[in-house]
Engineer: 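Structure in structure tokens, see below.
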Amino acid sequence: MNSKPIILIVSAPSGCGKGTILHEAFRDKDVFVSVSCTTRGPRENETDGVHYHFWTEEKFNRLVKKNGFLEHAGFTDNQYGTPEQPVLDNLAEGRDVILEIETNGAFQVKEKRPDAVSVFILPPSIGELRRRLYKRGTEPPEKIEKRVSRAAGEIALSPKYDFVMMNDDLDDAVRDFLTIYNAAKTDDGSADCFRPCNEEITNMINEVLENA
Ligand code: 5GP
């Protein structure tokens with residue numbers, strides 16, 4: 001028998017490889033990865049309705065007024081939000097729901113849905129994160145620096161998540177992520193080594209923040 005569907009919140013500073021980990025981890029699984037709405041413009045490789053729903057401020061604010069978002073938050077100069085109806089529909093159909101959202105949104109979801117499970121993915125260091133964002137090359141330096149300083153603030157909040165892991169090597173990260181996902185579904189304690197109360201995880205978070 002299938003277990004009860006869960007909401008899995010995944011936060012990671014942008015450039016952390018979150019998208020690649022999720023793609024690898026869920027390639028053969030019937031989960032619903034929520035498509036967020038945003039007021040930012042699409043990047044070169046992004047498609048409307050696939051990566052995001054790219055909306056105007058007016059359209060976004062209309063759904064805010066209608067209470068149609070499970071959560072929404074400002075990030076750098078744009079708004080981002082999770083439309084609630086598809087989340088409810090997929091849960092009702094028995095599918096796990098994956099939310100790739102930043103910290104403010106993550107805490108809103110935990111407030112509304114205490115049964116949601118949250119995972120924070122750390123970059124190996126802030127310096128490495130900066131390098132990855134420059135390598136991706138989708139934004140000018142001043143925007144990248146804004147994201148990097150925002151990332152440090154988000155990493156400092158990672159101890160509030162249920163689980164914290166690092167993306168250093170992709171294969172290891174996918175394996176760790178799946179361990180956490182399976183433990184979140186079964187609640188069997190098999191991912192307790194990723195709980196932020198562990199000294200090893202606390203040290204890892206501190207090291208990432210120190211290597212800026
Ligand atoms: P990006 O502009 O790099 O695609 O995303 C910027 C940040 O917004 C990332 O941390 C991403 O996880 C977050 N984000 C994407 N969609 C949502 C959403 O629906 N709600 C919230 N709160 N954050 C989101």
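Both counts, for ligands and for their atoms, begin at 1 and track the order of listing.
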Engineer: Is the number of heavy atoms from other residues, nucleotides or ligands under 6.0 Å of E111 CD greater than 12?
Structural biologist: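 At most 12 heavy atoms, drawn from other residues, nucleotides or ligands, come within 6.0 Å of this atom.
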Engineer: Less than 4.0 angstrom from a charged side-chain N to a carboxylate O is my criterion; do E139 and K146 meet it?
Structural biologist: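 No, this pair does not count.
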Engineer: Could you give me the CA-CA distance, side-chain angles and deciding distance for V10 and I21, then say whether side-chain contact (heavy atoms from CB on, under 4.5 Å) is met?
Structural biologist: CA-CA 11 Å; V10 186; I21 296 173; over 6 Å; no
Engineer: Report the relative orientation of the aromatic rings in F75 and Y80; use parallel for angles under 30°, tilted for 30 to 60°, perpendicular for over 60°.
Structural biologist: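 Geometry flag for Y80 against F75: perpendicular rings.
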Engineer: Who are the residue neighbours of ligand 1 when the rule is a heavy atom under 4.0 Å from any of its atoms?
Structural biologist: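 Contacts of ligand 1 under 4.0 Å: A12, S14, K18, S36, R40, R43, Y52, E71, A73, F75, Y80, G81, T82, E100, I101, E102, G105, R147.
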Engineer: Is the count of non-hydrogen atoms from other residues, nucleotides or ligands lying under 6.0 Å from K160 atom NZ greater than 12?
Structural biologist: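 Atom NZ in K160 is not packed in, count stays at 12 or less.
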Engineer: Hey, are the side chains of F54 and R40 touching, using non-hydrogen atoms and a 4.5 Å cut-off?
Structural biologist: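 Touching, per the 4.5 Å side-chain cut-off.
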